[in-house]
There are 2 protein chains.
Amino acid sequence: MASTVLPLHPSQGSTCGKCPRNELCYARFLSYAKSVEQLDFQVSNRILHRGDHVFYSGQAFSALYMVRSGHVKTVMVTEDGEEQITGFSCPGDSLGADGLASGHYAVDAVALGTASICTLNFEHLLRNTARKEELQRLMLSMLSETILNNEELLLTLGKLDAQQRMATFLLKQSSAQQRNGCSPVSFTLPMSRADIGNHLNLAVETVSRLLTQFRQRGLIKFNRNDIEWLDIDTLTDLTNRREYATAAPLVTNNFLAHG
Amino acid sequence: MASTVLPLHPSQGSTCGKCPRNELCYARFLSYAKSVEQLDFQVSNRILHRGDHVFYSGQAFSALYMVRSGHVKTVMVTEDGEEQITGFSCPGDSLGADGLASGHYAVDAVALGTASICTLNFEHLLRNTARKEELQRLMLSMLSETILNNEELLLTLGKLDAQQRMATFLLKQSSAQQRNGCSPVSFTLPMSRADIGNHLNLAVETVSRLLTQFRQRGLIKFNRNDIEWLDIDTLTDLTNRREYATAAPLVTNNFLAHG
DNA sequence: CGTTGACTTGAAATTTGTCAAGTTTAGTGG
DNA sequence: CCACTAAACTTGACAAATTTCAAGTCAACG
């Protein structure tokens with residue numbers, strides 16, 4: 001329950017060039033950088049635990065953040081206290097850009113488990129980027145990627161039904177794993193069913209039912225939050241094609257009754 | 001039906017400092033700029049008409065855009081051709097930032113009517129901003145604002161019911177009008193009912209019913225797309241409080257039955 | 001003055017949410 | 001190491017908001 005913003009293991013002044021996981025952060029943005037050497041951000045790093053905040057909604061903006069390891073959720077809150085998870089971040093993802101324009105972060109960023117977070121002081125960053133076009137491109141690219149992610153989420157939530165959203169979500173987690181050098185068919189979901197439901201605008205019960213249904217159809221194997229295997233091809237099909245013929249009796253799977 | 005990307009009335013090389021409507025663009029971002037003079041973007045300007053594209057999804061990224069007058073919708077398309085309107089842009093809003101990271105615009109940007117659009121060539125912009133910290137802040141602020149807008153939309157779509165979404169939408173249009181120096185209670189909706197429904201994830205019929213209901217309740221006066229008046233206070237109430245007890249049956253909250 | 005597209009309105013249908021109850025898991029302390 | 005508790009998850013039955021379907025109206029335009 002206890003949360004904190006204070007650095008637990010601060011390591012001031014280290015540079016990304018020396019970070020053993022720097023390709024992770026750089027890889028996403030290298031199309032705009034001529035070489036990794038040019039992108040030597042000065043960062044401080046801290047370790048957070050489950051429930052700790054990277055930053056709070058409303059807090060004064062001072063830095064951008066990168067997830068180095070672990071997972072973070074970003075949560076926006078309505079006036080009457082309802083929460084909406086706008087995204088899950090994994091290693092290599094940036095955080096905090098929504099606070100830049102207004103000067104205050106717009107969401108809570110909360111660690112889902114133990115996580116290592118790098119802090120990029122904004123003023124410091126600006127001074128350094130002022131003479132390095134490559135760094136500028138990288139910064140802008142970070143924000144642009146966030147915009148793209150949110151637009152894709154809007155499309156997912158707006159045009160897909162519950163089943164398609166769930167399949168899309170699983171595939172997204174899968175490819176995030178792969179991008180970070182892990183198996184795309186075997187990994188652990190870092191968030192609860194409730195978090196998934198909140199994020200996808202589905203009731204927890206619906207999430208549970210869909211996962212069970214996918215398992216019964218042989219599309220995934222899992223135990224609690226440990227995904228042991230997923231049928232990427234079939235799940236991909238699900239995200240596109242709309243299930244044809246819902247009508248008449250035939251609901252969901254009458255072919256079983258007939259066989 | 002005919003659409004074009006070609007500039008119809010190109011005016012190369014004019015500067016924002018000479019634009020009669022520059023406060024419109026600057027006002028949103030001035031918190032980061034010490035003076036307007038420092039923000040003299042070089043832009044070209046073109047006039048679009050209803051249905052014309054500012055840019056297409058998939059097109060190579062080359063510039064950011066600002067809406068100088070008129071209105072634009074941004075549309076993302078699923079693999080099977082379903083469209084999702086991710087936002088409506090009005091004068092002072094920026095467009096195209098989602099294309100920066102990938103190098104290709106992710107949405108279609110389509111004029112809802114006659115519109116004047118300013119083009120900020122990205123490479124040109126980068127060269128200019130490289131030595132001006134204020135310009136950098138402005139650029140980043142533009143992207144940050146887009147991120148914030150999308151997150152707020154995710155919250156609206158995720159946590160509010162149809163009525164609340166509609167009220168939120170009307171108020172957003174109203175304050176956009178006000179921000180641009182027009183009356184917040186008397187203006188024309190630049191988009192169709194279908195567009196509103198698509199944007200809010202509601203069927204056209206639902207949009208129509210809600211507008212009718214609002215009119216019957218005396219919350220708005222309108223004729224076709226011309227809003228003649230809206231009760232901002234009551235609509236604001238609607239966006240927050242969940243309607244308790246909609247009808248006779250009065251399910252959902254039993255404490256009333258006991259009282 | 002007819003045609004077309006946009007909008008409105010009513011009735012039925014359906015997906016998904018809500019409620020309620022049960023089960024499993026993880027953590028805690030004796 | 002086991003019992004206990006709380007939390008997370010699952011499952012079933014039912015309810016409700018919104019969509020879909022089906023007409024019908026209105027307004028602009030040629």
Side-chain angles (χ1 to χ4, degrees), chain A residues 1 49-51 82 84 112-113 156-167 169 188-216 220 222-227 238 242-254, chain B residues 1 50-51 82 112-113 157-167 188-216 220 222-227 238 242-255 257:
Chain A
M1 280 296 186
H49 298 100
R50 180 183 163 82
E82 284 192 289
Q84 174 71 39
L112 293 172
T156 296
L157 297 180
K159 284 291 159 287
L160 306 186
D161 63 24
Q163 174 179 279
Q164 292 174 308
R165 281 181 230 173
M166 195 66 222
F169 174 78
T188 298
L189 291 175
M191 72 293 285
S192 67
R193 302 281 190 278
D195 279 350
I196 296 173
N198 181 303
H199 181 54
L200 298 179
N201 293 164
L202 298 172
V204 196
E205 294 91 332
T206 305
V207 172
S208 184
R209 276 186 257 267
L210 285 169
L211 285 175
T212 302
Q213 186 202 110
F214 284 176
R215 170 154 56 192
Q216 287 169 346
I220 53 175
F222 68 94
N223 188 293
R224 200 137 176 104
N225 282 18
D226 297 318
I227 308 284
L238 277 190
R242 185 156 292 263
E243 220 84 326
Y244 21 143
T246 318
L250 178 64
V251 193
T252 318
N253 32 9
N254 261 29
Chain B
M1 279 295 185
R50 179 183 163 81
E82 284 193 289
L112 293 171
L157 297 181
K159 285 288 162 287
L160 306 186
D161 64 23
Q163 173 178 280
Q164 292 174 307
R165 281 181 230 173
M166 194 67 220
T188 298
L189 291 175
M191 73 293 287
S192 67
R193 302 281 189 279
D195 279 349
I196 296 174
N198 182 303
H199 181 53
L200 298 179
N201 294 164
L202 298 172
V204 196
E205 293 92 330
T206 305
V207 172
S208 183
R209 277 186 256 267
L210 285 169
L211 285 174
T212 302
Q213 186 202 111
F214 284 176
R215 168 153 57 193
Q216 287 169 346
I220 54 175
F222 68 95
N223 189 295
R224 205 147 175 91
N225 281 20
D226 297 318
I227 308 283
L238 277 191
R242 187 155 291 265
E243 213 84 328
Y244 21 144
T246 316
L250 173 62
V251 205
T252 314
N253 17 2
N254 268 26
F255 54 86

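The basis for the numbers below is simple: all heavy atoms, side chains too, and nothing from hydrogens, waters or symmetry mates. Residue numbers begin at 1 in each chain, while the letters A, B, ... track the order of the sequences.
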From CZ of A/Phe214 across to P of D/dT10 the rounded distance in Å is 13 Å
side-chain contact (heavy atoms from CB on, under 4.5 Å) filter on A/Thr206, not counting sequence neighbours, yields A/Ala162, A/Leu202, A/Ala203, A/Leu210
Angle separating the five-pair end axes of the helix from C/dC1-D/dG30 to C/dG30-D/dC1, nearest 10°, is 40°
Quick note, salt bridge (Lys or Arg N to Asp or Glu O under 4.0 Å) partners involving residues 199-216 of chain A, not counting sequence neighbours, are none
Contact check, residues 196-208 of chain B vs DNA chain C, heavy-atom distance under 4.0 Å, returns B/Glu205, B/Ser208
Letter by letter from the 5' end, nucleotides 25-30 of chain D scores (B base, S sugar-phosphate only, - none; protein heavy atoms under 4.0 Å) ------
When rounded to whole Å, the CG to C1' distance for the pair B/Asp195 and C/dA6 reads 12 Å
Separation of C/dT8 atom P from B/Arg215 atom CZ, nearest Å, is 7 Å
Is the shortest heavy-atom distance from the side chain of A/Arg50 to the side chain of A/Leu112 under 4.5 Å? no
Whole-Å distance, B/Asp161 CG to C/dT16 C1', equals 15 Å
Between CD of B/Gln163 and P of D/dT18 the distance, given in whole Å, is 9 Å
d(A/Leu189 CG, A/Asp195 CG) to nearest 0.5 Å is 11.0 Å
Separation of C/dG5 atom P from B/Arg50 atom CZ, nearest Å, is 12 Å
When rounded to whole Å, the CD to P distance for the pair B/Gln213 and D/dT18 reads 11 Å
Of the listed C/dT16, C/dC7, D/dT19, the closest approach to the B/Arg209 side chain comes from D/dT19
By nearest-nucleotide position on DNA chain C, the 5'-leaning member of A/Ala162 and B/Leu211 is B/Leu211
For A/Thr212, the side chain to side chain donor-acceptor pair (under 3.5 Å) test, sequence neighbours excluded, returns none
Of the listed C/dT8, C/dT18, D/dC9, the closest approach to the A/Asn225 side chain comes from D/dC9
To the nearest 0.5 Å, atom CG of A/Asn201 lies from atom CG of B/Leu157 at 7.5 Å
Considering only heavy atoms from C-beta outward, does the side chain of B/Thr188 approach that of B/Arg224 to under 4.5 Å? no
Residues at least two apart in sequence or cross-chain that pass side chain to side chain donor-acceptor pair (under 3.5 Å) with B/Ser192, listed by chain then number, are none
Residues passing the side chain to side chain donor-acceptor pair (under 3.5 Å) test with A/Arg193, sequence neighbours excluded, are A/Asn225
_Could you check whether any side-chain heavy atom of B/Met191 comes within less than 4.5 Å of a side-chain heavy atom of B/His199, counting everything from C-beta outward?_
no
Rounded to whole Å, CE of A/Met166 lies from P of C/dT15 at a distance of 19 Å
For B/Arg165 and B/Leu200, the nearest pair of non-hydrogen atoms, with its separation, is NH1-O, 2.8 Å
